[in-house]
Amino acid sequence: FDNLTQLMIEAFLKGAKSAGAQVEQVNTCDLDIGPCRGCTDNLLFEYKHTCDCNDDMIPLYPKLKNADVWIFATSVFESGIPKVFTNVLDRLEPLFHPFVLNGTIKLPSEDADKNGKVLFIGTTNLNDGTLFEDVAAHIESVSDMFDKEFIGSLTRTNSAAIATIEDMRDILNNILEECEVAGKDLVESGTIQAATMHRK
């Protein structure tokens with residue numbers, strides 16, 4: 001994370017808690033999470049509600065399974081998806097097991113309610129909002145896989161300058177206020193105002 005990413009997360013969670021949500025933040029950069037081994041490529045693979053990779057991803061599965069909202073946050077410094085972030089997203093696959101019952105794949109019906117929501121929070125120290133596109137697209141595909149509603153991306157560019165230059169303090173405060181309101185709105189209404197999502 002860069003400083004702005006962490007500040008945005010803290011402000012967003014503050015807003016969510018003020019609306020009554022229970023929140024937990026996990027910094028996966030501090031954890032040992034290896035790459036996916038592609039076990040499900042084996043036609044005889046059986047879902048076991050966990051993963052054969054015995055690392056720090058294992059304790060996260062129950063938390064993710066029981067959460068109503070997944071929020072993924074990262075700083076983006078170049079095009080593409082950060083490697084550590086890729087590991088986490090790819091390793092979510094054991095949570096797909098609710099759709100496999102008695103060996104039969106049960107896909108949700110099109111008119112069924114979504115199974116929770118997913119949000120991406122991203123920053124970049126560059127003045128290029130297109131850097132978020134690959135990450136957001138990958139998160140959206142993960143959301144679809146788990147039949148969750150991808151509600152969008154809360155992103156800001158020029159993060160290093162905003163977080164460190166004194167003359168930009170008002171901009172920083174505005175961003176944090178917007179994030180706090182967004183967290184509260186998500187809990188209270190299930191949505192975030194579109195105008196809040198992308199801004200330099």
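As the structure is a computational prediction, the values presented were derived from the model and not from experiment.
- In this structure, Asp185 CG and Ile192 CD1 are separated by 7.5 Å, a value rounded to the nearest 0.5 Å.
- The CZ atom of Arg91 sits 11.5 Å away from atom CG of Leu64, with the distance rounded to the nearest 0.5 Å.
- Within the 4.5 Å cutoff, the side chain of Pro35 has no heavy atoms near those of the Thr86 side chain.
- Ala137 pairs by the side-chain contact (heavy atoms from CB on, under 4.5 Å) definition with nothing, not counting sequence neighbours.
- Residue Ile33 holds its CD1 atom at 10.5 Å from SG of Cys51, rounded to the nearest 0.5 Å.
- With sequence neighbours left out, Asn174 forms a side-chain contact (heavy atoms from CB on, under 4.5 Å) with Glu177.
- The minimum heavy-atom distance linking Arg37 with Cys53 is given by the pair NE-SG, 3.2 Å.
- Note that OG1 of Thr123 and CD of Gln6 are 10.5 Å apart. Values are rounded to the nearest 0.5 Å.
- Counting heavy-atom neighbours within 6.0 Å of Gln193 CD, excluding the residue itself, gives a total of 12 or less.
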Kindly indicate, with the supporting measurements, whether the criterion side chain to side chain contact (heavy atoms under 4.5 Å, CB included) is fulfilled by Val142 and Val118.
CA-CA 9 Å; Val142 168; Val118 178; over 6 Å; no
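- In this structure, Lys184 has no side-chain hydrogen bond (donor to acceptor under 3.5 Å, both in side chains) partners at least two apart in sequence or on a different chain.
- Using a 30° and 60° split on the angle between ring planes, Phe72 and Phe85 fall in the perpendicular class, above 60°.
- Between Lys148 and Ala67, the closest heavy-atom pair is NZ-O, 4.2 Å.
- Atom CD1 in Ile162 sits 11.5 Å away from atom CG in Asn173 (nearest 0.5 Å).
- The side-chain contact (heavy atoms from CB on, under 4.5 Å) test applied to Glu133 returns Thr130, not counting sequence neighbours.
- No side-chain heavy atom of Asp68 sits less than 4.5 Å from a side-chain heavy atom of Gln22.
- Pairing each heavy atom of Ile81 with each of Asp134, the nearest pair is CD1-O, 3.9 Å.
- With sequence neighbours excluded, no residue forms a salt bridge (charged side-chain N to carboxylate O under 4.0 Å, His left out) with Glu78.
- Inter-residue side-chain proximity for Val181 and Glu178 is flagged as unmet; no heavy-atom pair is nearer than 4.5 Å.
- Side-chain contact between Leu154 and Thr196 is present, with heavy atoms from C-beta onward closer than 4.5 Å.
- Val187 and Trp70 fall into different hydrophobic clusters, where Ile, Leu, Val, Met, Phe, Trp and Tyr are joined by side-chain heavy atoms under 4.5 Å apart, directly or via other members.
- Heavy atoms only, all atoms of each residue included: Cys39 and Asp52 are closest at SG-OD2, 3.9 Å.
- Taking both residues in full, the closest heavy atoms of Phe77 and Leu126 are given as O-CD1, 3.8 Å, listed atom of the first, atom of the second, then distance.
- Of the possible polar contacts, none joining the Arg169 side chain to the Thr164 backbone as a donor-acceptor pair under 3.5 Å is found.
- Exactly one residue among Leu13, Thr155, Ile175 makes a side chain to side chain contact (heavy atoms under 4.5 Å, CB included) with Met8. That residue is Ile175.
- Ile71 has its side chain out of reach of Val23: every pair of non-hydrogen atoms, C-beta onward, lies at least 4.5 Å apart.
- The CD1 atom of Ile139 sits 8.5 Å away from the CG atom of Leu119 when rounded to the nearest 0.5 Å.
- For the pair Leu89 and Met145, the minimum side-chain heavy-atom distance is 4.5 Å or more.
- Taking 4.5 Å as the limit, some side-chain heavy atom of Val76 sits within range of a side-chain heavy atom of Phe132.
- Shown here for Ile9 and Ala73, the closest heavy-atom pair between the two residues is CD1-CB, 3.5 Å.
- In this structure a side-chain-to-backbone donor-acceptor pair under 3.5 Å is present from Asp55 to Gly34.
- Side-chain atoms of Leu31 and Val26, non-hydrogen and from C-beta on, do get closer than 4.5 Å to each other.
- Taking the salt bridge (charged side-chain N to carboxylate O under 4.0 Å, His left out) definition, one finds that Lys63 meets it with Glu24, sequence neighbours left out.
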